[in-house]
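One structure is given below, encoded as structure tokens.
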Amino acid sequence: MLLLTHPACLRHDNGPHHPESPERLRAVLAALEAQEFSILVRAAAPEASREALLRVHPAEHVDRILSIRPPEGRSVPLDGDTAMNAHSAEAALRAAGAGVEAVDCVMRGEFARAFCAVRPPGHHAEPDTPMGFCLFSNAAIAARHAVAAHGAARVAVLDFDVHHGNGTQAAFWDDPALMLASSHQSPLYPGTGDASETGVGNILNVPLASGTDGAGFREAWEERILPAVRAFAPDLIIVSAGFDAHRADPLAGLRLVEEDFAWVTEAICAVAAETSGGRVVSMLEGGYDLAALARSVAAHVRALMRSS
Ligand SMILES: [Zn+2]
């Protein structure tokens with residue numbers, strides 16, 4: 001199994017006291033230093049090509065993000081909760097590039113699974129708007145790359161981050177080759193993700209009430225999401241792996257524990273074994289309690305390794 005990351009992802013900083021901090025990725029990488037993860041094949045995430053970015057974002061968005069390179073120690077706010085420092089443009093390119101590289105490796109058959117330990121996250125970045133700590137729509141870019149560069153007929157992005165992946169949804173909205181299936185707390189930021197939002201039949205939103213625990217989460221996946229993914233029969237599954245539905249997370253009110261993330265990962269891998277030759281690319285999204293994030297990523301990666 002492949003693990004992609006890059007030091008630039010540790011240098012991107014939204015500013016002091018911001019929950020989407022470099023410490024998040026430091027905690028994740030420290031957890032993955034444990035002996036049980038020594039068999040992971042580690043590689044540096046390359047920068048995404050302009051061609052790959054343009055499959056999701058208009059040139060104006062790409063040029064805007066890449067043009068914001070403030071001097072060391074300064075930062076430029078993009079909105080109320082997203083900012084860029086001297087290293088953010090490179091981090092955004094590496095985060096998107098990790099997904100593209102993971103897709104290349106998995107679609108070529110070099111690995112069945114890949115995990116991209118990157119930031120900034122991506123699922124809130126809409127085609128023409130950075131938002132919600134996200135600059136480029138990493139999972140959507142990876143999905144479009146699988147279609148354009150590898151001839152995948154159908155790609156599913158499965159998103160268990162506690163927030164709705166509005167950016168992925170916007171990118172996929174009218175593209176029947178791409179499916180987004182998401183469980184998320186509602187009501188909650190960003191306010192989208194109602195069950196009535198279905199695109200061209202390729203979007204499945206399963207909102208969960210604040211306080212939902214692992215049993216309610218597993219029921220949503222077992223009864224709603226996984227059967228729909230099976231019916232879609234993707235050639236590749238991409239996971240928007242956010243861990244902020246953990247009960248310890250400060251930004252939301254779901255009540256999952258590490259075992260729930262392991263369970264959903266194994267369930268996703270089981271569907272992948274049936275429909276996509278076992279191919280799963282997972283990309284880090286949210287997760288803001290450092291200890292819970294580290295334990296949850298370890299449980300997720302352990303499950304990816306176990307079923308590969
Ligand atoms: Zn989130």
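Values below: all heavy atoms of this structure, side chains included; hydrogens, waters and symmetry mates excluded. Just so you know, ligand 1 is whichever comes first in the structure, and atom 1 is the first atom listed for that ligand.
- Residues His57 and Phe136 place their aromatic rings such that the two centres sit under 6.0 Å apart.
- Between the Zn ion (ligand 1) and the N, O or S atoms of His163, the shortest distance is to ND1.
- Contact check on Arg295 versus Glu259 returns no salt bridge, with no Lys/Arg side-chain nitrogen under 4.0 Å from an Asp/Glu carboxylate oxygen.
- Nearest N/O/S atom of Asp161 with respect to the Zn ion (ligand 1) is recorded as OD1.
- With a 6.0 Å radius and a threshold of 12 heavy atoms from other residues, nucleotides or ligands, Arg302 has its CZ atom above the threshold.
- For Asp244, the N/O/S atom at the shortest distance from the Zn ion (ligand 1) is named OD2.
- Enclosure of atom CZ in Arg108 by more than 12 non-hydrogen atoms of other residues, nucleotides or ligands within 6.0 angstrom is indicated.
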